[in-house]
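Worksheet for the structure shown next.
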Amino acid sequence: MKNIVLIGFMGTGKTSTGRLLAGRLNRTFIDIDKKIETQTGLAISEIFQLYGENHFRQLERDVIFRVSRYHNTVIATGGGVVLKQENMIRLKSTGIIIALTASLETILERTSRRGVRPLLDCEDRAERVAKLFSDRANLYMKADYTIDTTCLPPHHVAEKIIGLLREGRHLRGRSKS
Ligand code: S3P
């Protein structure tokens, strides 16, 4: 079976939803940022601080290329994975792409913890979020499906994804409830 790949802006719930979805479908869960952290022994914020964003994007690309060879997994990506077209081509070759979205207010609230997301560690977070969001909106829209998570907790989002995939005949059999 194809992978299920979650893309979307920071704070849209990719990791929590992905973990729950993988549990429901009995699949392996892969979190790209976690893989980069395990591989380097550094937190994402440390990689940005020590080596810069370009280096992080290269590490991200390498992990994407590796995990795109897998099948039957659930993959949660980092928000910037859409910035490299080659990432999306790889992920799409073996996966169904699902974009999670949320309102800007919700994103700001969900990403308010400092020191975790280097791109949002700045004076005017609202301005930065709005700018990054509008720069990337078209890229997220290329997904096969889009789900607005503003008013939905992750387990409802996971349910919705299962429903959509069944309708589209991307899933077989029954999932655990
Ligand atoms: C990033 C999102 C982060 C992480 C890194 C860069 C981005 O992941 O990959 O800080 O460019 O949007 P989350 O979307 O899981 O926060």
Side-chain angles (χ1 to χ4, degrees), residues 3-22 28-68 73-88 90-91 95 97-143 145-150 152-155 157-158 161:
N3 297 317
I4 301 170
V5 181
L6 303 183
I7 66 168
F9 202 78
M10 295 171 262
T12 51
K14 302 177 295 289
T15 300
S16 1
T17 302
R19 190 173 292 115
L20 287 167
L21 185 62
T28 302
F29 175 59
I30 297 166
D31 184 79
I32 301 292
D33 280 351
K34 207 48 323 63
K35 268 215 177 289
I36 296 171
E37 292 188 330
T38 308
Q39 184 185 305
T40 57
L42 294 168
I44 300 297
S45 55
E46 291 174 315
I47 300 173
F48 270 73
Q49 210 172 39
L50 292 171
Y51 305 109
E53 179 173 353
N54 283 345
H55 182 72
F56 169 77
R57 297 294 173 208
Q58 200 53 43
L59 294 171
E60 186 176 47
R61 173 198 174 275
D62 294 345
V63 173
I64 296 285
F65 273 42
R66 224 176 321 123
V67 304
S68 295
T73 68
V74 175
I75 302 172
T77 61
V81 83
V82 291
L83 296 172
K84 279 192 195 293
Q85 198 191 4
E86 54 183 341
N87 289 343
M88 296 314 293
R90 289 289 168 129
L91 288 167
I97 313 287
I98 298 177
L100 303 186
T101 64
S103 69
L104 290 183
E105 297 75 45
T106 306
I107 286 171
L108 268 174
E109 190 189 299
R110 290 186 190 159
T111 58
S112 58
R113 197 152 64 94
R114 299 223 160 226
V116 183
R117 292 180 170 95
L119 291 179
L120 304 185
D121 280 336
C122 60
E123 287 259 304
D124 193 339
R125 290 180 58 250
E127 188 191 45
R128 175 67 59 84
V129 165
K131 166 88 174 78
L132 287 173
F133 197 87
S134 79
D135 286 350
R136 295 174 179 184
N138 283 341
L139 301 173
Y140 295 132
M141 272 163 45
K142 290 185 181 156
Y145 300 96
T146 299
I147 298 177
D148 187 350
T149 71
T150 304
L152 293 180
H155 66 277
V157 181
I161 293 173

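All ligand and atom numbering here is 1-based and tracks the order in the structure.
Rounding to the nearest 0.5 angstrom, the gap separating the CD1 atom in Ile98 from the CG atom in Leu21 is 7.0 Å. Between the CD1 atom of Ile36 and the CD1 atom of Ile64 there is a distance of 7.5 Å, given to the nearest 0.5 Å.
The nearest protein atom to atom 7 (C) of ligand 1, hydrogens excluded, is given as Gly80 N, 3.3 Å; this is a heavy-atom distance. Protein heavy atom in closest approach to atom 16 (O) of ligand 1: Arg117 NE, 2.8 Å. Of the protein's non-hydrogen atoms, Asp33 OD2, 2.9 Å is the one closest to atom 8 (O) of ligand 1.
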Q) Do Thr150 and Glu105 pass the side chain to side chain contact (heavy atoms under 4.5 Å, CB included) test, and can you show the C-alpha distance, the side-chain angles, and the key distance before you say yes or no? A) CA-CA 9 Å; Thr150 304; Glu105 297 75 45; over 6 Å; no
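Of all atoms in ligand 1, listed by their number and element, those nearer than 4.0 Å to a heavy atom of Leu119 are 7 (C), 11 (O). Listed by number with element, the atoms of ligand 1 under 4.0 angstrom from any heavy atom of Gly78 are 8 (O), 9 (O), 14 (O).
Between the choices Glu60, Arg110, Arg57, the shortest heavy-atom distance to atom 6 (C) of ligand 1 belongs to Arg57.
The closest approach between a heavy atom of Ile44 and any atom of ligand 1 is below 4.0 Å. Heavy-atom distances between Lys34 and ligand 1 stay at or above 4.0 Å for every pair. A heavy-atom separation below 4.0 Å is found between Arg136 and ligand 1.
In this model, no donor atom of one side chain and acceptor atom of the other lie less than 3.5 Å apart for Arg90 and Gln85. If you check the side chains of Arg110 and Thr12, you find no donor sitting under 3.5 Å from an acceptor.
By the 6.0 Å and 45° rule, Arg61 stacks over the aromatic ring of Phe65.
A salt bridge links Lys131 with Asp135; the closest basic N to acidic carboxylate O contact falls under 4.0 Å.
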